[in-house]
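Lettering follows sequence order; numbering is per chain, from 1.
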Protein chains: 2
Amino acid sequence: MARQAGERAVTMRDVAREAGVSIKTVSNVINDYEFVSDATRAKVQAAIDRLGYSVNVSARSLRTGQANLIALAIPDLQMPYFAQLSSLVIEEAKKLGLRVLVEPTLYSREEELNVLHGLQSTMVDGLIFSPLELGQEDIAEFRVDYPLVLLGERVFTNEVDHIATENVEGAKKATTYLLETGCRSIAVIGTHPGERVGSAALRFQGYCEALLDAGIDYDERLVVPSRMWHRVDGEAAMDTLFDSGIVPDGVVALNDMLASGVMHSIQMHGYRIPGDIAVIGFDNSDDSKYLSPALTSISPGLDEVARLAVRTLKDRIDGVQSGERLFAGTDGQEDPVTHREYRQVPSTLVVRESTRVPQA
Amino acid sequence: MARQAGERAVTMRDVAREAGVSIKTVSNVINDYEFVSDATRAKVQAAIDRLGYSVNVSARSLRTGQANLIALAIPDLQMPYFAQLSSLVIEEAKKLGLRVLVEPTLYSREEELNVLHGLQSTMVDGLIFSPLELGQEDIAEFRVDYPLVLLGERVFTNEVDHIATENVEGAKKATTYLLETGCRSIAVIGTHPGERVGSAALRFQGYCEALLDAGIDYDERLVVPSRMWHRVDGEAAMDTLFDSGIVPDGVVALNDMLASGVMHSIQMHGYRIPGDIAVIGFDNSDDSKYLSPALTSISPGLDEVARLAVRTLKDRIDGVQSGERLFAGTDGQEDPVTHREYRQVPSTLVVRESTRVPQA
DNA sequence: TTGTAAGCGTTATCAA
DNA sequence: TTGATAACGCTTACAA
């Protein structure tokens, strides 16, 4: 920590003088160099403690070219999903001796470009980036000359390491589970008509696939779009459904906040959950277990996303190629030429009280 | 950004050679030094662009002794309140040219001590710290030799700069507003019996003061404790109240998540909000406006907390004393000897739909 | 208005 | 096993 103005920080030189050894020896002790005699080590350690020395990170970074710092760029830290992701990334990074600079891009294309280029400069060793505004058409922007790991489902390229979640499969699991528990008229809330990429499109696709597999006819009236995914939007969407005289026996909400609003609408209309209508959400956000009834939801495996993202980035920083990566992996699809990695984290169904039990 | 292994980063020396000037001149251009001829500036800028130069932050930090980095220690990034605070702090810091290292202490006393001492080392210029585990009895731990700004209501000392929110006044405003809108039997949800400091105790105090001022008798049966402040806890607390045959006409929930649960319980019991029972929350969290009805809440002025915290810290880093601080201030109480600052950010009432209108 | 040179605190090379 | 010394890339007196 920077000292107050006036005080001069204790340096290795001071410690060396205090311990009666050379600077290099102090450095050796600090860095746990193997060949230091126990006596010397103890002597130096004592001096360090006495003087309250701690290493100057800037000097070390300058010398080694490594900052032990990574950046995490996300759209909005105030969204529970990204707050959780950030929290997990910070935790995981800590395990590998890395600090994290969180960089909210605040729904601005300019900020996203800013994060990708220039701005970060020599400050960080690499970047974990979850784009929102930039899309497939901006793929050239992602060709950068530093370690970069991409998150999310907006951009697909084999030129960059990429950790994605199972949106299609997750929504399919959700819908299939409703089918297994006896639902036959399943609404989906929160679609984005016209979109081909992004969570909304992929999750809706999963819904459709599940119906198809089950041989259930697709009913357009059960599909309720909603641009925003807040609680009110879910409530409004469900109200709309009821207003048009439709009462489904199951609802797939494309995220948990929508589900919360959906549940509220259902209960305000006098129906029981899950008795009359079962509800399932997506994201398995923290509050889903605090709703009443507690919400069954699809967990996108954010902890695994965080773990893989940080470890992949760390490997890249250390110059490790995919083929020789240090952590045990499953399901990795690697590009043999560029050695970029694309991994999809499996989503899991978290059953709570908003759904009925499967029929034996 | 760190280059891939193998590439050498472009330095000022390279730019100087490319532009045919000295290193110092390049430095002058980078740092917007006043006395550089336009011609030279253009020449250097061109070279910078051509080579894609960006300054090496480590070298600069080493030389200047400033990292332009601050740390923000909070209990849990996944709590909406702290996620919002972090987001605001990052934004405010950016305006002053500072980056933020977010450091969740995860409800661990050890982590909090770790953040205060040692760990940060020379990496950051200062710390904004919102303690949760450390309390008044640990006051000695806060005597550190680097710029520190304290947040929250757990520790009070005139030895450290401190930005607090108006808990007592906020809760008093909330309760008074319910009284003004005709409520006479007002429950309070989420108290922590026995506590003297912390949000719960202070907010409860505000509730009591409002009743006292209005000459309303305090009714112990309307006070429902709850250790946790999640949605389910609010629901359970309200259920308990109903179960014991009590139906208040107003409820002060000690935070918005409690309020959300309270509202749910009320609606499940067939009462109308605000017609039968008015509800008011605390924190003015993002979702309060997405509840139905939208929740009236007390805003603790987090944006102002963030603004003051960052600016106070920045002033300390720059060696400015309270008396000569650069930003316009109101309400600042300063200790004349140590020049530490204690400021309380005013809370405001945000009226939405969960309360009735004041009686003329 | 621009250039020279010293030094920030570390790590790394090499020699002792 | 330890020590002297040269970078790392930048800012800043001071000189020109």
Side-chain angles (χ1 to χ4, degrees), chain A residues 1-3 5-45 47-48 51-69 121-123 125, chain B residues 1-3 5-45 47-48 51-69 97 121-125:
Chain A
M1 190 79 66
R3 296 293 163 132
E7 296 184 52
R8 212 182 54 75
V10 180
T11 77
M12 275 194 176
R13 165 172 271 99
D14 302 324
V15 176
R17 193 176 312 124
E18 174 83 8
V21 297
S22 80
I23 276 189
K24 180 67 208 308
T25 302
V26 178
S27 174
N28 284 341
V29 171
I30 295 286
N31 296 294
D32 284 320
Y33 182 61
E34 204 177 348
F35 304 109
V36 178
S37 75
D38 288 353
T40 313
R41 188 180 299 277
K43 206 166 50 178
V44 172
Q45 191 55 56
I48 289 174
L51 268 44
Y53 168 80
S54 72
V55 24
N56 182 316
V57 186
S58 306
R60 172 182 283 173
S61 295
L62 173 58
R63 191 52 239 233
T64 61
Q66 297 249 325
N68 294 321
L69 193 68
S121 72
T122 42
M123 194 168 220
D125 299 328
Chain B
M1 191 77 69
R3 297 292 161 134
E7 296 184 53
R8 213 183 53 73
V10 179
T11 77
M12 274 194 177
R13 166 173 270 98
D14 301 325
V15 175
R17 194 177 310 124
E18 174 83 10
V21 299
S22 80
I23 278 191
K24 177 66 206 305
T25 303
V26 178
S27 175
N28 283 342
V29 171
I30 295 285
N31 295 295
D32 284 320
Y33 182 60
E34 204 176 349
F35 305 110
V36 179
S37 75
D38 288 352
T40 313
R41 189 181 299 276
K43 206 166 49 176
V44 171
Q45 192 56 56
I48 288 174
L51 269 42
Y53 168 80
S54 73
V55 16
N56 182 317
V57 186
S58 307
R60 172 182 284 172
S61 295
L62 174 58
R63 190 51 237 242
T64 61
Q66 297 248 325
N68 294 320
L69 232 193
S121 72
T122 41
M123 194 169 221
V124 297
D125 298 328

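- When each of A:Ala59 and B:Thr40 is assigned the nucleotide of DNA chain C bearing its nearest heavy atom, the one mapping closer to the 5' terminus is B:Thr40.
- B:Asp32 places its CG atom 12 Å from the P atom of D:dT11, with the value rounded to the nearest Å.
- Proximity of B:Ser37 to the phosphate of C:dT2: a side-chain N or O atom is located under 4.0 Å from OP1 or OP2.
- Side chains of B:Ser58 and B:Ser61: no donor on one and acceptor on the other come within 3.5 Å.
- Looking at residues 15-28 of chain A, you'll see A:Ile23, A:Lys24, A:Ser27 sit with a heavy atom under 4.0 Å from some atom of DNA chain C.
- A:Arg63 contributes no side-chain N or O that forms a donor-acceptor pair with the base of C:dT10 under 3.5 Å.
- Nearest nucleotide to the side chain of B:Val36, out of C:dT10, C:dT2, D:dG9: C:dT2.
- Atoms CD (A:Glu34) and C1' (D:dT2) sit 15 Å apart, rounded to a whole Å.
- At C:dT10, one or more side-chain N or O atoms of A:Tyr53 fall inside 4.0 Å of OP1 or OP2 (strictly under the cut-off).
- Rounded to whole Å, the distance from CG on A:Leu51 to P on C:dG9 is 14 Å.
- Spacing between atom CE of A:Met12 and atom P of C:dC8 amounts to 15 Å, rounded to whole angstrom units.
- Atom pair B:Phe35:CZ and C:dG3:C1' shows a separation of 17 Å (rounding to whole Å applied).
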